[in-house]
Amino acid sequence: MNSFFTGYKNRWVHKNIDEDVAVILAEKLGFSLTMAKLLILRGIDSYEKACAFINPDINKLYDPFLMKDMDVAVKRIISAIENNEKIVVYGDYDVDGVISISVIKSFFKEIGIKCDHYIPERLSEGYGISDIGIDRILNNDYTLIITVDCGITAFNQMLYLENKASDMGKKVDVIITDHHLCMESDGISIPKACAVINPHRPECQYPFKELCGAGVVFKLIQALCYVLNLDKLFLEYLGMVAIATIADVVELKDENRIIVKHGLEQIKNSRNMGIIALLRVSGFLNKKLDTFSIGFGIGPRINAAGRMGDASVGVELLTSNDQKLVDELVELMEEQNRVRQETQSRIYNQAIEIIENNHLNKDSKVIVVGAEGWHHGVIGIVASKLVDRYYMPCFVLAYEAEHAIGSGRSIEGVDIFKAMQACGDIYKKYGGHEQAGGLTLSKKNIEVFSSCINKHIIDNTSEEIFQPLIKVDINLNPFNENVESVEQLELLGPFGQGNEKPVFSLLNLRVINIITVGNGKHLKLRLEAETGFVEAIGFGMGDLAKYLSVNDIVDIAASLSINEWQSRKSVQLTINDLRLTKDEMEKNNTFYNFSQIKDIDKLIDKIYNINNILIHRSELSLNRKVMIVVYRTISQATKKVYIVDEIFTLCKKLSKEYKINLNYFLYTKALEVLHELGIITYENHGVRISVSKSDVVMKVDLEKSIIFSTLSQNSGPKYDELG
């Protein structure tokens with residue numbers, strides 16, 4: 001049972017910290033103790049490490065030639081340039097792929113080299129290198145193919161290319177650049193190619209493995225700049241690479257942190273017409289830029305072109321110097337993004353209907369859902385939204401003729417790429433990484449896939465993994481923090497995967513005021529602790545307002561931010577999670593559990609043996625006033641079915657209105673009394689209660705009820721005898 005009153009769904013996990021080390025670090029840095037603790041939790045436990053983390057040095061980028069085959073790739077590209085060969089860049093249709101193409105094309109254009117690009121058509125070709133794409137490239141006399149953000153699993157396609165080129169009397173070399181995980185085929189870990197640049201290659205000694213596809217391309221042009229004596233020309237593309245790094249949700253650590261930190265600064269002053277246009281239509285032009293504005297403003301608009309139309313629109317936008325064309329392209333992308341949102345919403349709602357009509361199996365640890373006519377371009381986003389709703393791995397499949405094309409997303413602690421690998425040779429094509437994957441398989445294998453992947457996840461995952469996790473950095477008194485110390489926290493940014501915005505737990509706060517904003521979508525609270533007041537906002541938490549009351553004592557997990565109003569700054573909490581205190585939830589759980597006991601003798605035995613000092617004798621005792629209030633409430637109500645949280649809320653309201661002691665246990669037992677006496681029909685299903693009034697109006701003697709007589713006279717020991 002998932003109830004706000006008896007135990008909220010999220011599991012809070014606190015991190016351990018060495019307080020003495022934090023005190024010393026704070027003194028050395030001149031930072032707040034909170035800031036020092038947060039640095040330590042990120043593995044930054046010395047003055048030198050802290051300085052390097054807070055001020056990522058662009059000169060600390062790794063030598064690109066540490067990457068396996070980088071020297072081979074650079075030599076082959078320079079040879080192609082010297083011999084005026086036809087070069088084509090083969091990329092993916094998502095943000096990472098589009099930007100990877102845009103970066104390498106912009107670089108080649110800057111140094112006077114012409115190259116073309118090819119992006120597979122999502123619906124007809126699917127992800128990665130396709131036979132159709134190879135045929136088109138071979139028909140255009142290209143002699144060098146550079147793949148970006150794809151190719152690491154293209155074993156069959158590389159053999160197809162080699163054989164077909166040979167049949168045509170042609171020689172075509174391929175340089176694969178990718179960042180996805182390698183996958184063995186017949187004992188071979190990488191496809192046959194002139195060079196394969198991927199930090200995940202088993203024999204690659206590159207010190208940082210988490211680059212996105214555009215990050216790998218960035219290292220390639222860095223290496224070319226070194227050999228061609230182009231100084232630091234590669235740094236001009238940091239802004240674009242930062243967008244791809246954020247959008248691809250790779251870890252913002254190490255080299256990615258350097259790229260994003262400096263890339264965001266470059267975007268603010270960008271001369272790229274496409275980036276400026278995207279900032280304008282997303283509402284972030286001339287505003288503070290961070291990973292959120294990039295990830296939710298720019299990223300989806302670039303993605304929309306590949307999802308709903310032609311991904312090359314994004315490449316044209318990011319590589320054009322024609323203002324009129326840029327304006328036309330960005331408006332087209334804006335329209336495509338609108339269509340994407342509508343399509344995504346429709347499929348999401350249909351998926352929920354299918355899942356819930358099929359009565360989601362409580363033993364399942366993965367959702368596999370699909371239908372005819374679902375658009376391939378949005379199923380990945382739908383999978384992500386379903387993961388948020390059900391908190392388990394999810395695959396969304398688009399059925400087409402005899403095939404199903406799918407996209408999967410996972411939760412922390414479940415590696416779906418390994419789970420997919422465990423299902424053997426049922427796929428026509430698949431790939432991905434720990435948190436996301438894609439696949440194509442025959443429709444007849446869907447049940448086999450669903451059963452196999454569910455079994456693998458069950459066998460290899462502990463139950464607690466499927467309870468949503470809130471990672472709490474520090475337990476905090478917000479009133480010890482001021483505007484200056486909160487602004488200091490921004491030095492930890494840019495925030496994102498692997499460097500999440502700090503989350504604090506704040507305990508035993510009294511609710512002083514409750515309102516909703518944004519047409520009821522968002523919750524705003526004024527909270528009080530011993531040392532002062534603080535404002536808090538919970539985005540998307542408006543529904544909680546109906547469960548809260550003034551003077552409730554709550555615990556919250558929240559991030560700290562600055563609220564600026566009429567030139568005045570103040571500390572504000574942005575709520576990640578909100579729940580009643582542990583003691584209150586334990587008390588409510590006791591009331592709920594007692595309400596489920598049908599045998600009155602067993603119930604009284606439980607009451608007499610209760611070992612919970614939070615519960616007073618009077619809270620387990622029925623009386624006439626409580627019975628009258630419950631009867632009147634039922635008589636006046638039109639509602640017939642109540643969920644658990646509605647009854648807890650009703651009890652709080654009636655207790656306050658009639659100045660009585662009414663809780664879940666007493667309310668449900670009062671209903672049982674009324675049912676026993678024939679006044680109502682009552683059924684308790686655990687998670688919901690059904691009540692129907694009798695048409696017969698009559699006077700009754702409460703003492704004729706065994707339940708009432710027992711609970712009004714034998715409600716347990718006195719308070720001071722408990723425990």
Side-chain angles (χ1 to χ4, degrees), residues 92-97 120 122 125-130 149-157 178-185 189 191 198 200 209-210 212-213 247-251 303 306-307 347 351 364-370 374 376-388 390-400 403-443 445-446 448-461 465 497:
D92 188 22
Y93 36 64
D94 67 358
V95 178
D96 196 11
R122 183 187 287 264
E125 296 179 69
Y127 166 78
I129 300 173
S130 70
D149 192 35
C150 65
I152 199 61
T153 61
F155 297 95
N156 295 334
Q157 290 74 24
D178 202 349
H179 73 118
H180 294 97
L181 296 177
C182 300
M183 180 176 64
E184 279 199 5
S185 176
S189 61
N198 185 334
H200 288 292
K209 305 293 185 183
E210 304 306 318
C212 68
D248 215 51
V249 201
V250 290
E251 290 203 341
N303 247 336
R307 293 184 187 281
I347 295 174
S364 294
K365 297 304 179 188
V366 61
I367 292 171
V368 179
V369 61
W374 283 359
H376 302 181
V378 300
I379 55 177
I381 308 175
V382 172
S384 292
K385 287 173 67 66
L386 291 173
V387 169
D388 291 340
Y390 297 106
Y391 203 73
M392 65 175 69
C394 181
F395 287 85
V396 178
L397 309 177
Y399 301 160
E400 187 175 280
H403 301 110
I405 297 172
S407 188
R409 298 293 184 270
S410 193
I411 60 175
E412 184 171 344
V414 179
D415 187 332
I416 61 167
F417 183 70
K418 283 185 179 177
M420 290 165 70
Q421 283 182 310
C423 294
D425 298 325
I426 63 171
Y427 312 100
K428 293 185 177 298
K429 184 164 60 172
Y430 79 103
H433 48 78
E434 184 175 338
Q435 291 296 296
L439 58 91
T440 301
L441 76 170
S442 170
K443 283 164 66 174
N445 284 330
I446 292 173
V448 175
F449 168 70
S450 180
S451 176
C452 171
I453 203 160
N454 190 59
K455 183 179 186 306
H456 176 85
I457 290 173
I458 289 173
D459 291 346
N460 293 277
T461 313
I465 292 295
Q497 186 75 14

Engineer: Will you find, in the side chains of Asp178 and His180, an N or O donor that is under 3.5 Å from an N or O acceptor?
Structural biologist: yes
Engineer: Please tell me if the side chains of Gln497 and Val250 come closer than 4.5 Å, counting only heavy atoms from C-beta onward.
Structural biologist: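 Of all side-chain heavy-atom pairs linking Val250 with Gln497, none is under 4.5 Å.
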Engineer: Looking only at atom types and distance, does a side-chain atom of His200 sit under 3.5 Å from a main-chain N or O of Lys209, one as donor and one as acceptor?
Structural biologist: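 Flag set: sc His200 to bb Lys209 pair under 3.5 Å.
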Engineer: Is Val366 close to Phe449 at the side-chain level, that is, under 4.5 Å between some pair of heavy atoms?
Structural biologist: no
Engineer: I need the Ile381 CD1 to Arg307 CZ distance, nearest 0.5 Å.
Structural biologist: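 Here the interatomic distance stands at 3.5 Å.
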Engineer: What are the two closest non-hydrogen atoms of Ala383 and Cys394, and how far apart are they?
Structural biologist: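 What the structure gives for the nearest pair is CB-O, 3.9 Å.
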Engineer: Could you give the distance from CG (Asn445) to OG1 (Thr440), rounded to the nearest 0.5 Å?
Structural biologist: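 It comes to 12.5 Å.
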Engineer: Quick one: closest heavy-atom pair of Ile416 and Gly437, and the distance?
Structural biologist: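 The pair with the smallest heavy-atom distance is CD1-N, 3.7 Å.
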Engineer: To the nearest 0.5 Å, what is the distance between NE2 (His403) and CG (Leu397)?
Structural biologist: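 Spacing of NE2 (His403) from CG (Leu397) equals 13.0 Å.
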Engineer: Compare every heavy atom of Gly128 with every heavy atom of Pro120, then report the nearest pair and how far apart it is.
Structural biologist: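 Heavy atoms of Pro120 and Gly128 come nearest at CG-O, 3.7 Å.
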Engineer: In Å and rounded to the nearest 0.5 Å, what is the CD1 to CD1 distance from Ile453 to Ile367?
Structural biologist: 12.5 Å
Engineer: With side chains defined as the heavy atoms from C-beta onward, is the minimum distance between Trp374 and Val382 less than 4.5 Å?
Structural biologist: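 A side-chain contact is absent here, since even the closest heavy-atom pair is not under 4.5 Å.
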Engineer: Any idea which heavy atoms bring Thr461 and Gly413 closest together, and the distance?
Structural biologist: CG2-O, 4.5 Å
Engineer: Got a sec: does the NZ of Lys418 have more than 12 other heavy atoms crowding it under 6.0 Å?
Structural biologist: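 It does not: Lys418 NZ has 12 such atoms or fewer within range.
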Engineer: Return the CG to CG distance between Asp94 and Asp248, rounded to the nearest 0.5 Å.
Structural biologist: 6.0 Å
Engineer: Mark yes or no for whether Asp96, through its side chain, and Gly213, through its backbone, hold a donor-acceptor pair below 3.5 Å.
Structural biologist: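 Yes, the answer is positive, given that a donor and an acceptor are paired below the 3.5 Å cut-off.
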Engineer: Taking all atoms of both residues into account, what is the closest heavy-atom pair of Leu441 and Leu439, and its distance?
Structural biologist: CD2-CD1, 3.1 Å
Engineer: Got a second to check how far Ser410's OG is from Met420's CE, nearest 0.5 Å?
Structural biologist: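 Output value for this atom pair is 11.0 Å.
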Engineer: Sub-3.5 Å donor-acceptor pair from the side chain of Asn454 to the main-chain atoms of Lys365, do we have one?
Structural biologist: yes
Engineer: Where do Tyr391 and Glu412 come nearest, in terms of heavy atoms and distance?
Structural biologist: OH-N, 4.3 Å
